There are 2 protein chains.
Amino acid sequence: MTFETERPATKPKSRRASGRPTLSDVANLAGVGSITVSRALRDPSRVSAELRERIDAAVKQLGYVLNPNARALASVRSDVIGVLIPSMTNNVFADVLRGIHDGLGASTMQIQFGNTHYSADEEERLLRVFLGQHPSALIVSGIDQSPGARELLENAGCPVVQIMEVGDDPVDMMIGFSHRDGGNAVTRHLIGTGRRRIAFIGARMDPRSRRRLAGYSEAMREAGLFDDCLVTTTPQPSSATLGSELFTQALSRVPDIDGVVCNNDDLALGVLFACHRHGVEVPGRVGIAGFNDHEMMAAAFPSITSIRTPRYEIGRRAVVMALAAIAGAPVSERVLDLGFELKIRESTAPSVE
Amino acid sequence: MTFETERPATKPKSRRASGRPTLSDVANLAGVGSITVSRALRDPSRVSAELRERIDAAVKQLGYVLNPNARALASVRSDVIGVLIPSMTNNVFADVLRGIHDGLGASTMQIQFGNTHYSADEEERLLRVFLGQHPSALIVSGIDQSPGARELLENAGCPVVQIMEVGDDPVDMMIGFSHRDGGNAVTRHLIGTGRRRIAFIGARMDPRSRRRLAGYSEAMREAGLFDDCLVTTTPQPSSATLGSELFTQALSRVPDIDGVVCNNDDLALGVLFACHRHGVEVPGRVGIAGFNDHEMMAAAFPSITSIRTPRYEIGRRAVVMALAAIAGAPVSERVLDLGFELKIRESTAPSVE
DNA sequence: AGCCGATTTGGTAGCGCTACCATTTCTTTA
DNA sequence: TAAAGAAATGGTAGCGCTACCAAATCGGCT
């Protein structure tokens, strides 16, 4: 089972040897044509049971592994699904990636993945690189591609799934939820607990963050509670430390804040820690809500209200949709809204003053 | 710049057209041989300035993108670095991955990455799949490969970097730190603050976790403080909720616990939350320490002592080492110990009773 | 001027696989 | 029983690139 460094003397004509058995080695050993071996490997049902067995035995005996490069070259299609995500630090995308891997199941597809760092230019560049490999499908984050990226996707010649958000204008398929509605729902909930001076704290402020903010603003305006000075945002990447800082800033500007809608869970934890540190009672004086509902929200003390987003499920189903489209199955629904769930916890219990 | 769906009538002999320009299309346009274009693209210094310019212009005009599959097939080497990590949920590996991507810099290498789910069998399977692509290098996590995986790595025929840990017996190169020493250092620190009944809480208990525990045990034994009933572990994956649960268990078994060494930061946060919930003073009655030092440790209240591990740097330098080895540079050091740093914070301030 | 080596360029033959057809063998039906 | 159709198998010619060698070009030196 060890790989030889040199080809045996029987095959001296080959100038460059990879040193590994090829399809025709398997075919010779099994006594069939190489194309038959290729078929047996790709779709066993297309060869007779007897040959299938002989071929399997030969494959095992030689320790044969298919060369995906040669396959991709010959079939003008590689078994690669390209995935573009904007960040690796953000553990939202760790969940999505986990879903993607699990959605693959027994498929032999490989995931090739790229990090756009929240940059549309970088997304376009990576898209070109990926397209060079003739991927079987592409999964991209968000719905705000640059015009150039949009054009590349429309001419990609393979299924494309946009994930994390839903919108009216899918390139091909789309799966996610409405960030605006999420921001709206959590804000309404805080308003419903009797709070009035509800702040919004946001970091990074990518398109999805901005839509959450829009949902917050809408709810506040509807209730006649909107006030510019309640909103604190920064382009910096989000962190718990930043959450503490932004909250401290907000509080010094608006001392009578009685609620905080955070753009994500890291910030919410930072706000909670800042409250602990400064003796601000939660939920007594200030109610706190996060976004995404990471595991830690339920464990925190007090446990933190959050919008549970279907991150894992988005990843998993994006791949399932892509695989179905690759297999040529008709697409029933182009846009799939997986929704979200408002998880109400201790941090937003009604204030009883 | 749009890609045609059908080849022009001048080339009807080609049965299957990828619809995209090829090297020889570029060569024809530039009026040179295709091999010269290949050279100009791979190593511009090997063609004259004039040709280089003509070729660059042709590439741009046609929107040419190199086909990596054809290149890999012809050169028996793909521009892929395979990365095997045990988990995607764990944000330790998110940092490593980020470092890996950044370490790539301007290189055209692609990262192909696989998730072993902490299973040696799965690692071996993925290794076979990866090796089928003739990767330029492999990066694997840990030093506890199965004998089969070890053999595959030794015969991989490409640079191999083992990351996260250091040991005596590298397959090729190795970069990480000593988990045992880390566990030892944080335990000694807690002992140094005057605590005596220091518990260990561990989840997952993969090889690295077990070495941290070994470091804890060693320090406790040295101080004559080791007690079996102080150690609580579970094979379950780690989480803050689990940290709360395990601490509650430990406390009911050993009510006079005055310190907790946690296997990682999630557990430590869970312990902190449980203390808040049950009114256990931190650090007054119980000192808490984590492992890895995620950003949140500094933001928490009280801020949590932790071992800062060079996760990002491990990823970045692993790739730099791999790229150097691919380029044929002599390897100066096979084993690189990046160490760790004990970050002392509020959660382990000396108890003053 | 003539020769030698270094440098730049090109031709050819694959890398290992699959698409496309041709061929053979096995069923089915009038 | 023969013809027609279906199913299983094989041969051949690339997919787009690069390794290997050969050829051409260019100085630098005696």
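Quantities reported herein were computed from a predicted structural model and do not represent experimental measurements.
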Expressed as a whole number of angstroms, how long is the span from [X]:[atom1] to [N]:[atom2]?
X        : N      : atom1 : atom2 : value
A:Leu73  : C:dC17 : CG    : P     : 12 Å
B:Asn67  : D:dG16 : CG    : P     : 7 Å
B:Asn28  : C:dG11 : CG    : P     : 11 Å
B:Leu66  : D:dC15 : CG    : C1'   : 14 Å
B:Arg54  : C:dT8  : CZ    : P     : 16 Å
A:Ile55  : D:dA8  : CD1   : C1'   : 12 Å
A:Glu50  : D:dA7  : CD    : C1'   : 16 Å
A:His134 : D:dC17 : NE2   : P     : 9 Å

Of B:Asn69 and B:Ile35, whose closest DNA chain D nucleotide lies nearer the 5' terminus?
B:Asn69

Point-to-point distance, once rounded to the nearest 0.5 Å, from CG of A:Leu62 to CG of A:Asn28
9.5 Å

Interatomic spacing from CG in B:Leu138 to CD in B:Gln112 - rounded to 0.5 Å:
11.0 Å

Centroid-to-centroid, A:Phe113 to A:His101, below 6.0 Å?
no

Tell me which of B:Ala70 and B:Leu51 sits closer to the 5' end of DNA chain C, going by the nucleotide each one is nearest to.
B:Leu51

From A:Ile143, A:Asp169, A:Ile163, residue fulfilling side chain to side chain contact (heavy atoms under 4.5 Å, CB included) relative to A:Met174:
A:Ile143

Name each donor-acceptor pair under 3.5 Å that joins a side chain in residues 66-74 of chain B to protein atoms two or more places apart or in another chain, with its distance.
from	atom 1	to	atom 2	distance (Å)
B:Asn67	OD1	B:Asn69	N	2.8
B:Asn67	OD1	B:Ala70	N	3.1

Working note: B:Arg98 + B:Asp95, criterion side-chain contact (heavy atoms from CB on, under 4.5 Å); need CA distance, chi angles, decisive distance, verdict.
CA-CA 5 Å; B:Arg98 204 161 44 83; B:Asp95 290 334; 3.4 Å; yes

Quick check on contacts: within residues 36-48 of chain B, what sits under 4.0 Å from DNA chain C by heavy-atom distance?
B:Thr36, B:Arg39, B:Val47, B:Ser48

